[in-house]
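Step one of this worksheet: look at the structure below.
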Amino acid sequence: MSGVVLHHVPFSRSFRVLWLLEELGIERQIVDYDIRDGSMRKGALPGMSPAARVPALEIDGMTLFESGAIVEYLCETRREAGLAPMPGDPERAEYLQWVHYAETMGTLVEQLNINRIFLRDPAQASATVIRLTTARLRATLMGMEARLQGDWLLSGFSGADVMMGFNLFAAPYFVKFDEFPKLSEYRERLSARPAFVRAREVDGQQRFYDRDFYPLPEAT
Ligand SMILES: N[C@@H](CCC(=O)N[C@@H](CS)C(=O)NCC(=O)O)C(=O)O
């Protein structure tokens, strides 16, 4: 395989990279994995990503892992697209904060996915841990709702919106968005972007969730 190659699981953090490649007009091939069938532990992925996770991106003669690093790298090396404030720009620090905050939120979604979706019998999920993790996810959303001022996180659309975008489509499986009107509208704006629509078409249907919402379990 030559050119740009994205190692990808549908509806996972690798969607961030798929979407950003569309925003930047970079053609890519996709190697698709199923998170549950062991395919990520076989083949080339463990040699590309230290924990055999996605995304991994083959580009510019390298293989990169960590979605945040990939987003920063792509925005900085393709700066003519104007998707990242560079050092010296007054919005640079805010940009970096949001890029990394996306993983504060993303790891909470991941913990809920593990506890609520991926654990198999006879493993027992802890209702206490689920309730605490859901409360922590809700708090990250409340903090974002309070800070969102305009159409995007910064004065214009940027890589930070790509990082956060993935979260806002996964978090509603665990936290109702009725209490987040600004985030709900922001999510609509994100999903109306032509590059987002194209990336979603390539991504296909999510295969994790078997319902629209997972209510809190009773405290034990
Ligand atoms: N911080 C990393 C997290 C990567 C990550 O955990 N990806 C998940 C999919 S969202 C994965 O590959 N999970 C497979 C596993 O945990 O075995 C990033 O943002 O790229």
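What you are looking at is a predicted structure, and each value in this text was computed from that prediction instead of being measured. In each ligand, atom 1 is the first atom listed, and ligand 1 is the first ligand listed.
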To the nearest 0.1 Å, how far is [atom] from its closest protein heavy atom, and which atom is that?
atom: atom 2 (C) of ligand 1; result: E66 OE1, 3.2 Å
atom: atom 13 (N) of ligand 1; result: I35 CD1, 3.7 Å
atom: atom 19 (O) of ligand 1; result: S67 OG, 2.6 Å
atom: atom 6 (O) of ligand 1; result: R53 NH1, 2.7 Å

Please confirm whether V54 comes within less than 3.5 Å of ligand 1 when only nitrogen or oxygen atoms on both sides are compared.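 The answer is yes, given that V54 and ligand 1 share an N or O pair closer than 3.5 Å.
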Considering both backbone and side-chain atoms of S12, is one of its nitrogen or oxygen atoms within less than 3.5 Å of a nitrogen or oxygen in ligand 1? no
Donor on one side chain, acceptor on other, N167 and R16, under 3.5 Å: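 There is such a pair between these side chains.
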Going by distance alone, is a donor N or O of one side chain under 3.5 Å from an acceptor N or O of the other, for Y95 and D89? no
Assign the ring pair [X] / [Y] to parallel, tilted or perpendicular, where the plane angle (0 to 90°) is split at 30° and 60°.
X: F157; Y: W152; value: perpendicular
X: W19; Y: F15; value: tilted
X: F11; Y: Y209; value: perpendicular

Which ligand 1 atoms, with their elements, are less than 4.0 angstrom from a heavy-atom of [X]?
X: M40; result: 12 (O), 14 (C)
X: P55; result: 20 (O)
X: E110; result: 6 (O)

Closest candidate by heavy atom, reference atom 8 (C) of ligand 1, pool E103, R41, R13: R13
Aromatic ring centroids of F208 and Y173 under 6.0 Å?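 When the ring centroids of F208 and Y173 are compared, they turn out to be at least 6.0 Å apart.
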I'd like to know whether W98 forms a side chain to side chain contact (heavy atoms under 4.5 Å, CB included) with E91, so could you lay out the CA-CA distance, the side-chain angles of the two residues, the decisive distance to 0.1 Å, and finally the verdict. CA-CA 11 Å; W98 285 120; E91 288 195 307; over 6 Å; no
